[in-house]
Amino acid sequence: NLANGNGNHRVIGSLTMAATEHNRLCVGQPHEMLTDAQGLLIAGMGLALKAYPAFLEEFDLNGNDLDHWVAHQVSHPHTEKVADAVGIDKKKIYRLYPTHGNIGPAGIPTVLSKSCEEGNIKEGDRVVLMGIGSGLNCMLTAVQW
């Protein structure tokens, strides 16, 4: 159940940022997908390093005030290196990739659901949803649970 006691969650704010100059790092075709994984990691970290501070500033947030990081998780190196780059407390990340791998856009709702099912996210917690996708685009949304 993703609802808190009153069934409402307050969206604090959301920020999106793009770095479309990297749009050729991952190219999908009907018969194959060509990905420069290292290039995506480097470009994604660069975008996260721009987007995360802008997000905190825009919504007057402090990284220490955020209780949970719900992120699209491509792999262990991607998740951990992005967390290190932007200074996310790794104890606040529910890791899905060890059991599910990269499940693409379903990653964020799945992480959120599993974290709630296990009782990690509680009413009043500040949850950050973060995705960085091939193309490159980054979106961060803060929700008061």
Side-chain angles (χ1 to χ4, degrees), residues 1-4 9-59 61-145:
N1 180 357
L2 297 182
N4 64 16
H9 309 291
R10 183 176 68 85
V11 174
I12 297 168
S14 188
L15 179 130
T16 60
M17 193 175 283
T20 56
E21 65 271 20
H22 301 292
N23 67 19
R24 305 301 294 169
L25 293 173
C26 186
V27 180
Q29 300 296 322
H31 58 283
E32 69 181 339
M33 185 169 190
L34 303 172
T35 303
D36 175 354
Q38 185 66 20
L40 274 175
L41 173 60
I42 292 166
M45 286 187 347
L47 182 56
L49 284 168
K50 292 179 185 175
Y52 182 59
F55 170 75
L56 294 177
E57 183 178 334
E58 178 70 25
F59 300 106
L61 295 170
N62 177 316
N64 296 327
D65 298 333
L66 305 171
D67 300 301
H68 303 279
W69 277 87
V70 174
H72 167 72
Q73 301 170 20
V74 175
S75 66
H76 174 80
H78 281 76
T79 302
E80 303 303 313
K81 288 181 180 184
V82 169
D84 287 339
V86 299
I88 298 168
D89 180 350
K90 292 183 185 178
K91 292 179 276 186
K92 297 179 180 184
I93 301 171
Y94 180 98
R95 287 167 181 77
L96 184 70
Y97 60 79
T99 55
H100 290 71
N102 179 1
I103 59 174
I108 292 173
T110 304
V111 170
L112 182 59
S113 175
K114 292 203 168 290
S115 194
C116 286
E117 284 174 10
E118 294 179 16
N120 298 323
I121 299 176
K122 299 182 179 24
E123 186 172 351
D125 284 353
R126 287 187 171 191
V127 179
V128 176
L129 311 174
M130 179 182 184
I132 302 174
S134 306
L136 280 167
N137 295 284
C138 179
M139 183 171 190
L140 293 127
T141 300
V143 179
Q144 182 86 39
W145 212 252

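Note that the numbering runs from 1 along the sequence shown for the chain.
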Tell me, with the steps shown, if Glu80 and Lys90 meet side-chain contact (heavy atoms from CB on, under 4.5 Å). CA-CA 8 Å; Glu80 303 303 313; Lys90 292 183 185 178; 3.2 Å; yes
Between Leu15 and Met139, is there a side-chain heavy-atom distance shorter than 4.5 Å? no
Any donor and acceptor pair, going by atom type alone, linking the side chain of Thr110 with main-chain N or O of Ala106 inside 3.5 Å? yes
Non-hydrogen side-chain atoms of Leu129 and Val127 separated by less than 4.5 Å: yes
So which atom in Ala48 and which in Ile132 form the shortest heavy-atom distance, rounded to 0.1 Å? CB-CD1, 3.8 Å
Do you know the tightest heavy-atom contact between Gly107 and Leu96? O-CD2, 4.0 Å
Could you report the tightest heavy-atom contact between Leu136 and Ala43, atom names first, then the distance? CD1-CB, 3.1 Å
How far does CH2 of Trp69 sit from CD1 of Ile93, to the nearest 0.5 angstrom? 8.0 Å
Tightest non-hydrogen contact, residues His72 and Gly131, listed as CB-CA, 4.1 Å
Mind running side chain to side chain donor-acceptor pair (under 3.5 Å) on Asn120 and His68 for me, showing each step along the way? CA-CA 9 Å; Asn120 298 323; His68 303 279; over 6 Å; no
For residues 12-33, the ring pair (Phe, Tyr, Trp, His ring centres under 6.0 Å) pairs (sequence neighbours left out) are none
Check Asn137 against Ala18 and note the closest heavy-atom contact, atom names and distance. OD1-CB, 3.3 Å
Rounded at 0.5 Å granularity, tell me how far CZ in Arg126 sits from CZ in Arg10. 6.5 Å
Go through Cys26 and Leu40 one step at a time and tell me if the side-chain contact (heavy atoms from CB on, under 4.5 Å) criterion holds. CA-CA 8 Å; Cys26 186; Leu40 274 175; 3.9 Å; yes
Does atom NZ (Lys50) have a neighbourhood of more than 12 heavy atoms from anything else shown, all under 6.0 Å? no
Give the C-alpha distance, both sets of side-chain angles, the deciding distance and a yes or no for side-chain contact (heavy atoms from CB on, under 4.5 Å) between Arg95 and Gln73. CA-CA 8 Å; Arg95 287 167 181 77; Gln73 301 170 20; 4.2 Å; yes
Of all pairs that satisfy ring pair (Phe, Tyr, Trp, His ring centres under 6.0 Å), the ones with a partner from residues 84-141, not counting sequence neighbours: His76-Tyr97
Got more than 12 heavy atoms from elsewhere within 6.0 Å of CZ, Arg24? no
Taking every non-hydrogen atom, the tightest pair across Leu140 and Met130: CD2-CG, 3.7 Å
Treating Thr141 as the side-chain partner and Ser14 as the backbone partner, does any N or O pair qualify as donor plus acceptor under 3.5 Å? no
Those residues at least two apart in sequence (or on a different chain) that pass side-chain contact (heavy atoms from CB on, under 4.5 Å) with Leu56 are Tyr52, Leu61, Leu66
Under 6.0 Å from the CD atom of Glu57, do we count more than 12 heavy atoms belonging to anything else shown? no
First locate atom OG1 of Thr79, then atom CG of Leu41, and finally report the distance between them rounded to the nearest 0.5 Å. 10.0 Å
Can Lys122 and Asp67 be said to form a salt bridge (charged side-chain N to carboxylate O under 4.0 Å, His left out), step by step? CA-CA 10 Å; Lys122 299 182 179 24; Asp67 300 301; over 6 Å; no
Rounded to the nearest 0.5 Å, what's the gap from CD1 on Ile121 to CH2 on Trp145? Could you check? 5.5 Å
Walk me through whether Val143 and Ile12 qualify under side-chain contact (heavy atoms from CB on, under 4.5 Å). CA-CA 5 Å; Val143 179; Ile12 297 168; over 6 Å; no
